[in-house]
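Here's the structure, in structure tokens; my notes come after.
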Amino acid sequence: MARIYLGKILLRWCDACHAPVLSGVCACGAPTRPVSVTPPGDARPAFPDDIERINRIFREHFGAALIPEGHLALLNKVPADDRMDEIVLGGAVVGAIRYFPDERRWEPLPRPAAAKYLRPAKRYVVVDDGAITSILESGASVLAPGLVSIDPAVAEGDEVFILTKAGECVGVGRAKVDAATAGTMERGVIVRTRKNAPSVCVPGEATWEDAVRANEPVLADYEAKSIRFVREVAEQNPERPTVSYSGGKDSLATLLVVLKALGPVPLLFADTGFEFPETCENVDAVAQRYGLEVFRICDEEAFWKTFEENGPPAVDSRWCCTVCKLHPVGRLIDENWGECLSFIGQRKYESVRRMQSRRVWKNSHVPQQLSAAPIQQWTAMHVWLYIFREKAPYNPLYERGLDRIGCFMCLRATLRRLQSSGSHTPNSWRCGTRASPGGRRGKGSPKTGSNADCGGNGEMRMKKKIVIIDYGLGNLRSVLRGLERAGAAPTITADPEAITSADGIVLPGVGAFRDGMEMLGGLADTVVAAANETPLLGICLGMQMLMDSSEEHGIHRGLGLVPGDVKRFVPAGGEKVPHMGWNTINIDPKTPLFDGLHEEEYVYFVHSYYAAAAPPNTIASTTYIRPFASAVNAGLTYGVQFHPEKSGAVGLKILENFIERIC
């Protein structure tokens, strides 16, 4: 892929603060050094879901996570066939992850600096001391005579670490043969070494608050210049000032600047009808936080009419933006002011077209609107550090792995984004559009949608009604959000009638077995009766309550829906109790709950007691101190000891399977 320069790469690093800095000198006074990221170099923070995904990819491939807790990580999007992100740690690119849409998988691409953060437990080769110099100095490949050993897991085409006999990393590369073949070779290439430019990597812990402090002079300077721009444009143009707010980070940063320059202004929000629910909720949250009026419009009928006339939008026929955004906004402006000045979150680092765009312009489709871009010169890091500094309410979708917020079906999106959109927020794939409360609607705005989804053939299908039992114990809201992301219409209730009429039941739980059964009280009979006809999923303590009994704080009877008993872990071998953190589950792939997953996956656990279930009822097992049942099944009743709502993409897939394949 060609390198695309959209402006000077501003990313640098302070080794004293262990933070990214956007100038030559950190606020602490220390000089900074450049970070050699691939152009255009519009790096952003790695959020929790990003970190979980990266660590899962590296753990699956190399047996060790890459990003340690407490270290700042950045992601830099690299031009690629689909999706590829460089990973920045300690002021160096320590690797990348690349997505293959046809295979729906990620591949890790480590660099030697990654060895400062992980020690590979698999997919590595060990070379003789005589080969080290040529590998380090000239990037020589690993040849058969210089091979000491190779991990049995290495397959042809795998990315591997090249280690010395002392365990030090001297390079990385791609295996040209598998481990079995390598063991028989007397000559030839075992690993084609990747030639990476030397880079400085200084590990150290920091927080994003530290990064904000390190960049305070830069942020103050960029803010002041943008405020001055806003005031000058507003003084020169008498039209009503507004902010075009999309629910994305750039429009949020733009709004923050405009508020400081001009005070409260109206928000213009074009709801295309294909927005993520979180985006619409963010519009309302921002309006409420800053006391702003929202002028919103949505013309669903125009989209479907154009769809019938022209067919679906395509890369070379992107009529959707004009029909769903520009024309409706033009009508909205006509109805309210006749003309207006709109400040828009456009940045030159986003694309060649935006880099070439003027900073003040008019779109021919919306002649009523004069547009201006206050943050045209900002990078994504400027935007995020500014949002962090202002403690502004940003769209939660950024924390779920989406780096660009827009219509979920946007043609500019990668296949990775479209696939993750369908799994992360499938409740957005609906035919109905939303009119969020608290804002004005223009003509053509629909009424609030229902729980109906639109299938690929355009037919309507209703979301499954999943009941989360509220008995006073459990992380109900986390489970609710997880089920929403998995495509259900969940409710939290203690109403027996709602439980018996649901499509599926979830019994969550955090705490002690005895307390859980006592607080469940009379609902226990309702749950047992409903489980004969309705699929039931117990989570964590909820799974343990499905069993016959527990020895936690004495012997206590459970619901008896799954044969087996709950016992306490006895610490051994230095392992601590509770069992807390990520661990593997070895699953029965024939079980519908695990459809589409590998036989070994990582999920998140927090528990001090374990289920001892008989093999016919154990559908997944895990070892911590001793083997135990991490998932069980009997009839329509399922239970998982881990927390699927906290287990990233794997947990989301399990919830999706429960909803779509079992309920």
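Numbering of residues begins at 1 and proceeds along the displayed sequence.
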Hey, does the side chain of [X] reach the backbone of [Y] with a donor-acceptor pair shorter than 3.5 angstrom?
| X | Y | answer |
| --- | --- | --- |
| Asp42 | Glu350 | no |
| Gln368 | Gly330 | yes |
| Glu390 | Leu256 | no |
| Glu399 | Pro396 | no |

Geometric class of the [Y]/[X] ring pair [parallel <30°, tilted 30-60°, perpendicular >60°]:
| X | Y | answer |
| --- | --- | --- |
| Tyr394 | Phe47 | tilted |
| Tyr99 | Trp106 | tilted |
| Phe388 | Trp208 | tilted |

Does [X] pair with [Y] as a salt bridge, N-O distance under 4.0 Å?
| X | Y | value |
| --- | --- | --- |
| Arg389 | Glu223 | yes |
| Arg83 | Asp85 | yes |
| Asp250 | Arg354 | no |
| Glu52 | Arg56 | yes |
| Arg485 | Asp49 | yes |
| Arg331 | Asp334 | no |

Problem set entry | Partner residues of Glu209 under the side chain to side chain donor-acceptor pair (under 3.5 Å) criterion, sequence neighbours left out | Thr207
For this session: Give the intermediate values and the outcome of side chain to side chain contact (heavy atoms under 4.5 Å, CB included) for residues Ile387 and Lys249.
Result: CA-CA 8 Å; Ile387 289 173; Lys249 70 181 189 306; 3.9 Å; yes
Exercise. Restricting to pairs with a member in residues 351-372, which pass ring pair (Phe, Tyr, Trp, His ring centres under 6.0 Å), not counting sequence neighbours?
Worked result: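 The answer is His327-His365.
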For this session: Check whether more than 12 heavy atoms from other residues, nucleotides or ligands sit under 6.0 Å from atom CZ of Arg359, and answer yes or no.
Result: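 Counting neighbours around CZ of Arg359, more than 12 heavy atoms of other residues, nucleotides or ligands fall under 6.0 Å, so yes.
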Exercise. Does a sphere of radius 6.0 Å around NZ in Lys646 hold more than 12 heavy atoms from other residues, nucleotides or ligands, not counting ones at 6.0 Å or beyond?
Worked result: yes
What side-chain donor-acceptor pairs closer than 3.5 Å can you find for residues 230-237, not counting sequence neighbours?
from   : atom 1 : to     : atom 2 : distance (Å)
Arg231 : NE     : Ala261 : O      : 3.1
Arg231 : NH2    : Lys260 : O      : 3.3
Asn237 : ND2    : Val233 : O      : 2.8

For this session: Please test Phe229 against Lys225 for side chain to side chain contact (heavy atoms under 4.5 Å, CB included), starting from the C-alpha separation and ending with a verdict.
Result: CA-CA 6 Å; Phe229 169 82; Lys225 290 177 180 176; over 6 Å; no
Problem set entry | Arg105 to Phe100 six-membered ring, cation-pi geometry met (6.0 Å, 45°) |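 Pair Arg105/Phe100 counts as cation-pi.
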